Undergrad: 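Here you go, one structure.
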Amino acid sequence: DLIGIIDMKSIRTADERKTVDNFEKTIRYENNRYVVKLPFKENAPVLENNMNIAMNRLFSMENKLEKDPDLRDRYREAMNNYAKHGFAREATVNEIAKFDKNPQYFIPHRPVIREDKVTTKMRPVFNASSKDKNGNSLNSCLYNGPSLQPELVQVLLRFRMNNIAIMADIEKMFCQTKIDEADYPFQQYLWRDFDKSIEPIRYIMTSVMFGVGPSPFLAIGSTKYHANRPDMNEKYPLACQTAKENTYVDDVCDGKDSVEETSRLAAELKQFFAEGGWNLTKFVSNSQEVLESIPEEDRLIQDVIELVEKDDEGNLKALGIGWNVPSDKFRFQPTERMETPVTKFTKRNMLSKVAQIFDVFGFYSSFTIRGKIIVQQFWNLHKKWDEPLEGDIVDEFKSWEKEIPELKEIEIPRRLKLFNGSYSKVEAHGFGDASQIAYGRIIFFRFTLPDGSVHVEFVMGK
């Protein structure tokens with residue numbers, strides 16, 4: 001709601017400014033990778049050896065997964081991939097001897113299941129908030145640093161401004177930034193490949209680690225640092241601008257008005273990220289000519305791309321919108337959970353269903369506002385969160401819920417400038433109004449063409 005009025009990213013605390021300053025002073029480029037240090041707080045408590053805690057968590061996780069062989073095998077593969085791809089390795093005898101004489105920390109891990117179809121259904125999660133016997137954790141000893149992500153709506157609005165669009169993915173972005181060896185004692189975890197005949201093996205995660213508080217800042221900060229380097233700006237001016245303004249965690253969203261410009265941008269982005277140790281891949285574009293200019297192994301052949309919101313650790317939340325690449329239109333993209341009807345009508349379940357539709361552009365405001373009004377109405381009911389509801393409010397909710405699948409029939413052009421050629425002037429117009437139960441607003445662009453004619457395009461509403 002504050003987009004364009006207040007830049008929240010510019011308001012940083014003293015600790016955040018200090019963290020950024022230290023990051024910029026200590027980051028280094030080594031063996032085609034950026035190397036960063038963990039931002040420990042001044043006067044942080046000394047961490048006690050929590051190896052026994054991590055070991056007990058490992059044993060408990062092993063026993064639990066014995067009951068689910070499929071999940072166990074997927075977890076084994078995911079954990080072994082860290083070492084396979086060079087993101088982790090076994091600690092050496094000399095390292096262990098050195099670590100045991102000084103403060104160190106072991107990060108417990110476990111599988112997390114996510115049912116949303118746009119996410120990986122299982123992923124290992126490291127818990128750097130696990131406390132030692134004194135109640136301290138690694139995360140409590142570290143500064144998180146400021147969020148460096150651009151506003152999602154701003155990224156997506158810019159994505160709509162070009163005739164030709166491209167999207168691409170920075171492969172395993174977090175893991176491509178290395179951690180300074182001095183911090184290895186605090187990057188340890190235990191693993192034995194579910195082989196209970198051996199003692200757990202001590203591993204070191206040598207790269208930025210999911211679950212450690214400042215990891216998003218360190219990973220995203222590395223790409224921003226790379227984009228701010230004078231030599232990179234001289235060699236790759238287009239890519240540097242895209243990396244700073246139109247990259248959302250590990251998703252790159254940009255484009256140009258011509259095939260030649262877009263192809264040049266795609267090639268420049270690929271080279272720019274490669275020089276920082278990242279592989280930019282899974283390119284998609286509404287232009288077949290642009291795709292053909294990209295190496296085949298870097299293309300993603302997929303008709304519909306689901307737009308998602310990512311938190312700082314890369315966790316995904318479906319926005320309820322998909323980009324139909326061949327038709328170059330946005331359409332409602334429900335998850336399985338959205339299309340599954342509510343069976344128990346309680347405040348909790350009904351609110352959960354309404355909240356699942358995150359309409360970032362306001363394309364479906366006339367529908368979502370009805371759900372929000374229902375939520376507004378049941379606040380006045382003297383019912384507990386999980387107490388069954390009945391009567392008119394349930395009937396109204398059922399009627400609203402039945403229309404969710406019909407939203408897929410609505411398609412919105414991605415491009416805001418649907419006409420060919422140039423324009424002499426563009427204006428942004430906004431209107432708002434309110435009633436006793438709701439308010440609404442709309443923004444549209446008014447293009448004046450060289451011949452004096454006017455072309456209007458809907459931008460967003462709420």
Side-chain angles (χ1 to χ4, degrees), residues 12-28 34-58 61 82 87-89 91 95-110 112 124-149 173-191 200 202-222 224-225 249 311-315:
R12 290 179 176 170
T13 66
D15 287 341
E16 288 176 337
R17 291 195 298 271
K18 188 185 306 180
T19 304
V20 171
D21 290 342
N22 289 336
F23 170 81
E24 293 177 346
K25 290 176 183 176
T26 56
I27 187 173
R28 67 181 190 275
Y34 282 98
V35 182
V36 297
K37 293 183 65 63
L38 294 177
F40 278 91
K41 295 177 180 178
E42 297 175 359
N43 303 316
V46 176
L47 290 169
E48 291 289 333
N49 189 335
N50 67 330
M51 184 175 180
N52 287 336
I53 295 174
M55 192 172 296
N56 289 333
R57 298 275 179 86
L58 177 68
M61 184 269 296
Y82 286 120
F87 306 141
R89 61 170 175 78
E95 284 175 326
I96 291 173
K98 182 179 178 181
F99 294 169
D100 287 346
K101 295 177 182 178
N102 296 286
Q104 60 180 320
Y105 185 84
F106 291 82
I107 305 182
H109 53 89
R110 62 185 177 88
V112 167
V125 170
F126 291 89
N127 182 16
S129 294
S130 175
K131 296 178 180 179
D132 63 17
K133 65 181 183 180
N134 294 326
N136 300 313
S137 68
L138 177 61
N139 279 346
S140 68
C141 295
L142 299 173
Y143 290 121
N144 284 340
S147 175
L148 299 178
Q149 292 185 156
M173 188 188 84
F174 274 48
C175 294
Q176 305 301 340
T177 297
K178 295 296 183 180
I179 291 291
D180 191 288
E181 289 187 14
D183 293 326
Y184 281 0
F186 308 99
Q187 293 266 124
Q188 295 183 84
Y189 66 94
L190 300 174
W191 178 241
R202 292 166 66 163
Y203 279 81
I204 300 169
M205 188 71 77
T206 59
S207 58
V208 167
M209 197 174 193
F210 283 109
V212 176
S215 290
F217 166 75
L218 297 173
I220 299 172
S222 297
K224 302 292 186 186
Y225 182 88
V249 188
D311 65 19
D312 283 332
E313 291 195 359
N315 297 315

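Hydrogens, waters and symmetry mates play no part in the numbers below; they use all other heavy atoms, side chains included. In this text, all values refer to a predicted model and were calculated from it rather than measured experimentally.
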Undergrad: I need the Thr206 OG1 to Asp180 CG distance, nearest 0.5 Å.
TA: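 Reported to 0.5 Å precision, the distance equals 12.0 Å.
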
Undergrad: Report yes if the side chains of Tyr189 and Pro200 come closer than 4.5 Å at any heavy-atom pair, otherwise no.
TA: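 The answer is no; the side chains never approach within 4.5 Å.
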
Undergrad: When rounded to the nearest 0.5 angstrom, what distance separates CZ in Arg110 from OG in Ser130?
TA: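 Rounded to the nearest 0.5 Å, the CZ-OG separation comes out at 11.0 Å.
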
Undergrad: Kindly give the heavy-atom pair with the smallest separation between Lys178 and Phe87, and that separation in Å.
TA: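 Looking at all heavy atoms of both residues, the closest pair is NZ-CA, 4.3 Å.
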
Undergrad: Does a salt bridge link Lys41 with Asp15, judged by any charged N lying under 4.0 Å from a carboxylate O?
TA: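 A salt bridge is absent here (no side-chain N lies under 4.0 Å from a carboxylate O).
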
Undergrad: Check whether any side-chain heavy atom of Ile204 sits under 4.5 Å from a side-chain heavy atom of Arg89, and report yes or no.
TA: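 Sidechains of Arg89 and Ile204: in contact.
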
Undergrad: Can you check whether Asn22's main-chain N or O pairs, donor with acceptor, with Thr26's side chain at less than 3.5 Å?
TA: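 Checking the backbone N and O of Asn22 against the side chain of Thr26, a donor-acceptor pair under 3.5 Å is found.
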
Undergrad: Would you indicate whether Lys98, at its atom NZ, is surrounded by more than 12 heavy atoms from other residues, nucleotides or ligands within a distance under 6.0 Å?
TA: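 For Lys98, atom NZ is not crowded (no more than 12 foreign heavy atoms under 6.0 Å).
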
Undergrad: How many angstroms lie between OG in Ser222 and CG in Leu148, if you round to the nearest 0.5 Å?
TA: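 Ser222 atom OG to Leu148 atom CG measures 10.0 Å (nearest 0.5 Å).
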
Undergrad: Tell me yes or no: between the side chains of Gln187 and Asp183, is some donor less than 3.5 Å from an acceptor?
TA: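 Gln187 vs Asp183: no donor-acceptor pair found between side chains.
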
Undergrad: Flag yes if more than 12 heavy atoms outside Lys224 fall under 6.0 Å of its NZ atom; otherwise flag no.
TA: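 Yes - once you tally the heavy atoms of other residues, nucleotides and ligands closer than 6.0 Å, there are more than 12.
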
Undergrad: I need the Lys25 NZ to Asp21 CG distance, nearest 0.5 Å.
TA: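 So the gap between those two atoms works out to 5.5 Å.
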
Undergrad: Please check: side-chain N/O of Asp132 versus main-chain N/O of Leu47, any donor-acceptor pairing under 3.5 Å?
TA: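 No: the side chain of Asp132 does not pair with the backbone of Leu47.
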
Undergrad: I would like to know whether Leu218 and Leu38 meet side-chain contact (heavy atoms from CB on, under 4.5 Å); could you show each step before the answer?
TA: CA-CA 8 Å; Leu218 297 173; Leu38 294 177; 4.2 Å; yes

Undergrad: Could you tell me whether the side chain of Val35 reaches within less than 4.5 Å of the side chain of Ile27, counting heavy atoms only?
TA: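 Side chain of Ile27 against side chain of Val35, heavy atoms only: no contact under 4.5 Å found.
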
Undergrad: What is the distance from atom CE of Met173 to atom OG of Ser207, rounded to the nearest 0.5 Å?
TA: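 Going from the CE atom of Met173 to the OG atom of Ser207 covers 12.0 Å.
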
Undergrad: So which atom in Cys175 and which in Tyr82 form the shortest heavy-atom distance, rounded to 0.1 Å?
TA: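 So the two residues come closest at SG-CE2, 4.5 Å.
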
Undergrad: Under the side-chain contact (heavy atoms from CB on, under 4.5 Å) criterion, do Met209 and Ile179 qualify, and how do the steps go?
TA: CA-CA 9 Å; Met209 197 174 193; Ile179 291 291; over 6 Å; no

Undergrad: Are side-chain heavy atoms of Pro45 and Cys141 found at a separation under 4.5 Å?
TA: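 With C-beta onward as the side chain, the pair touches.
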
Undergrad: At their closest point, which heavy atom of Val208 faces which heavy atom of Ala219, and how far apart are they?
TA: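 Residues Val208 and Ala219, closest heavy atoms: CG1-CB, 4.4 Å.
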
Undergrad: Checking Gln188 side chain against Pro185 main chain: does a donor-acceptor pair fall under 3.5 Å?
TA: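 Such a contact is found between Gln188 side chain and Pro185 backbone.
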
Undergrad: Apply ring pair (Phe, Tyr, Trp, His ring centres under 6.0 Å) to Phe40 and Phe186, showing your working.
TA: CA-CA 11 Å; Phe40 278 91; Phe186 308 99; 5.0 Å; yes

Undergrad: Between Ser137 and Tyr105, does a side-chain contact (heavy atoms from CB on, under 4.5 Å) hold up when you go through it step by step?
TA: CA-CA 8 Å; Ser137 68; Tyr105 185 84; 4.0 Å; yes

Undergrad: Restricting to non-hydrogen atoms, name the atom on Ala54 and the atom on Phe106 that form the minimum distance, rounded to 0.1 Å.
TA: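 That closest heavy-atom pairing would be CB-CB, 3.7 Å.
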
Undergrad: Assess whether a salt bridge exists between Arg202 and Glu95, defined as any Lys/Arg side-chain N lying under 4.0 Å from an Asp/Glu carboxylate O.
TA: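 So Arg202 does not pair with Glu95 through a salt bridge.
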
Undergrad: Any side-chain heavy-atom pair from Asn136 and Glu48 closer than 4.5 angstrom?
TA: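 A side-chain contact under 4.5 Å is absent here.
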
Undergrad: Applying side-chain contact (heavy atoms from CB on, under 4.5 Å), run through Val20 and Phe217 and close with a yes or a no.
TA: CA-CA 9 Å; Val20 171; Phe217 166 75; 3.9 Å; yes

Undergrad: Could you report the tightest heavy-atom contact between Lys18 and Glu42, atom names first, then the distance?
TA: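 Taking every non-hydrogen atom into account, NZ-OE2, 3.5 Å.
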
Undergrad: Would the distance check show the side chain of His109 and the main-chain N or O of Arg57 forming a donor-acceptor pair, the cut-off being under 3.5 Å?
TA: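 Such a contact is absent between His109 side chain and Arg57 backbone.
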
Undergrad: Which atom pair, heavy atoms only, marks the closest approach of Gly211 to Asn139?
TA: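 So the minimum-distance heavy-atom pair works out to O-ND2, 3.2 Å.
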
Undergrad: Using the rule side-chain contact (heavy atoms from CB on, under 4.5 Å), only one of Asn56, Asn50, Asn49 pairs with Ile53; which is it?
TA: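 Between Ile53 and the candidates, side-chain contact (heavy atoms from CB on, under 4.5 Å) is satisfied uniquely by Asn50.
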
Undergrad: In terms of the angle between their ring planes, are Phe210 and Phe174 parallel, tilted or perpendicular, with boundaries placed at 30° and 60°?
TA: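 Rings of Phe210 and Phe174: parallel, as their planes differ by under 30°.
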
